[in-house]
Every structure is written in C-alpha cells, then in structure tokens.
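Along the sequence shown, the residues carry numbers beginning at 1. These numbers come from the heavy atoms of this one structure, side chains and all, not from hydrogens, waters or symmetry mates.
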Amino acid sequence: MNRKFKHILFYGTIISTIMIMVCLAMKYNVEDLSFNKEKVSYLPASWLHEKGGQEVPIKLPAVLDIKPGEDLVIKNVLPRELIKRPSLLLRTSHQSIVVYVGQKRIYERGTDERLFQSKAIGSNWNLIELNSEDAGKEITIILNSPYKNYTGGVREIT
C-alpha cells in the first residue's frame, strides 16, 4: 500500500467513527441509557436525636453539640412500604457508624480499631442494605468520631 492510501484509510476510519457516534447520540437520549430506573427517595428529614435519655427532634442535615468520642444517636421509623431491594445511603466523614433495625445490628463500619493504623477512619459512602420486612420498624444510627471537627455532623440520608 502506498502512503497516500494509508492516510485516506486512516482519516476515513476516524471520520466514519465520529459520524457513527454522532448519529447514535442523536438517536438515543442519554437519560434512556441509565442502568437503574428505580426512583431515589429520601427518608424524612425529621429524626429524633437521643441524648441523656431524652429524644429531641432534629432535621437533617445537622451539626449537633457532641464531644469527641461521644456517640451521636439518631432514630426514625422506616416507611411502611419499602421499594424492592431497599437500601440507605449515608456519607460519613471520620466517623464510625453502627446501624440497627429494631434490636438487630445490620451494619457497622469503622468500629474495629485493629483495622486502622491511626484514629483516622476516613470519609465513606455507606450503602446499607435493608430487607422488605424492615418496613415500619425503628432504625437507629450511631455515629462516633474522635475528632472535634467531625463530631456531631449528620448528612442527609437517602
């Protein structure tokens, strides 16, 4: 093959590929290409904060007056009807997390100090799987941080 033919073949392939991509982009809506069609729903922003034996209503996201090393305990009741394969998503920053549904511990992260070289737990997205049978039950989330700057912070829970 001569050099001119190779250039024509090379640039022709690039132009053809670009044209195919443009045609596909025009034909298909990007929103139609999603992997997950399920609706994201937020738990109510109103939670109960347990402190000193009393439960105080709070709205999430919140920053509460908690000392380093002290447990931050929040509670709510899960909706009576849960979607198929329900789960919660909560981001924590330098906080350990333990989650109970009723009396059953269903999730924990950052509580085993043997797994960390320092006190640093890091920032994490916690994906907490639930069961359909958990509908209508009380959920308790316990957060704890050894750091003053990260103690008391609770983000939105989806």
Side-chain angles (χ1 to χ4, degrees), residues 1-47 58-64 66 68-69 71-74 76-101 104-135 137 139-158:
M1 285 191 198
N2 65 22
R3 188 174 187 163
K4 186 176 180 181
F5 182 73
K6 286 181 182 179
H7 284 310
I8 292 172
L9 184 61
F10 175 74
Y11 290 115
T13 303
I14 290 176
I15 291 170
S16 298
T17 303
I18 291 172
M19 289 177 59
I20 290 170
M21 291 173 68
V22 168
C23 289
L24 288 173
M26 290 181 355
K27 181 175 178 170
Y28 296 103
N29 185 353
V30 175
E31 293 175 7
D32 293 339
L33 299 176
S34 66
F35 293 105
N36 189 356
K37 300 282 186 192
E38 294 173 3
K39 182 180 139 195
V40 173
S41 57
Y42 291 81
L43 287 177
S46 299
W47 285 70
I58 61 167
K59 294 233 184 254
L60 299 184
V63 177
L64 305 169
I66 303 290
D71 285 345
L72 184 163
V73 181
I74 59 172
N76 206 331
V77 175
L78 293 170
R80 295 214 180 275
E81 290 186 29
L82 295 175
I83 61 171
K84 183 179 170 185
R85 294 186 345 235
S87 59
L88 299 178
L89 182 64
L90 170 63
R91 181 159 187 243
T92 54
S93 292
H94 300 287
Q95 296 167 306
S96 63
I97 178 172
V98 179
V99 180
Y100 291 88
V101 171
K104 182 180 176 187
R105 182 185 300 209
I106 63 164
Y107 182 86
E108 71 179 294
R109 180 172 177 84
T111 57
D112 189 347
E113 294 178 6
R114 296 173 298 162
L115 301 176
F116 302 98
Q117 293 181 352
S118 67
K119 293 189 300 185
I121 298 164
S123 292
N124 300 289
W125 283 102
N126 300 277
L127 183 61
I128 304 155
E129 293 183 33
L130 300 172
N131 292 314
S132 298
E133 300 83 43
D134 295 335
K137 292 183 181 176
I139 183 166
T140 304
I141 299 175
I142 303 168
L143 302 169
N144 191 310
S145 178
Y147 302 109
K148 182 180 177 189
N149 290 345
Y150 296 99
T151 265
V154 188
R155 294 188 166 97
E156 230 174 8
I157 301 172
T158 55

Just verifying a value: how many Å separate [X] [atom1] and [Y] [atom2], rounded to the nearest 0.5 Å?
X: Asn144; Y: Asp71; atom1: CG; atom2: CG; value: 5.0 Å
X: Leu64; Y: Leu72; atom1: CG; atom2: CG; value: 5.0 Å
X: Gln95; Y: Ile66; atom1: CD; atom2: CD1; value: 10.5 Å
X: Thr140; Y: Asn76; atom1: OG1; atom2: CG; value: 9.5 Å
X: Ile15; Y: Phe10; atom1: CD1; atom2: CZ; value: 10.5 Å
X: Tyr100; Y: Ile141; atom1: OH; atom2: CD1; value: 12.5 Å

Check your understanding: Side chains of Arg155 and Ser93: donor-acceptor distance under 3.5 Å anywhere?
Key ->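 Yes - a donor-acceptor pair under 3.5 Å links their side chains.
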Check your understanding: Any chance OH of Tyr150 has more than 12 other-residue heavy atoms, nucleotides or ligands included, within less than 6.0 Å?
Key -> no
Review point. Around atom CD of Glu156, are there more than 12 heavy atoms of other residues, nucleotides or ligands at under 6.0 Å?
Key: yes
Are side-chain heavy atoms of [X] and [Y] found at a separation under 4.5 Å?
X: Thr158; Y: Leu88; value: no
X: Ile128; Y: Leu89; value: no
X: Val77; Y: Trp47; value: no

**Study point:** Lys137 versus Glu133, closest heavy-atom pair with distance
**Key:**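 Closest heavy-atom pair between Lys137 and Glu133: CE-O, 3.4 Å.
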Review point. So, for Asn124 and Arg109, which heavy atoms are closest and what is the spacing to 0.1 Å?
Key: OD1-NH2, 2.9 Å
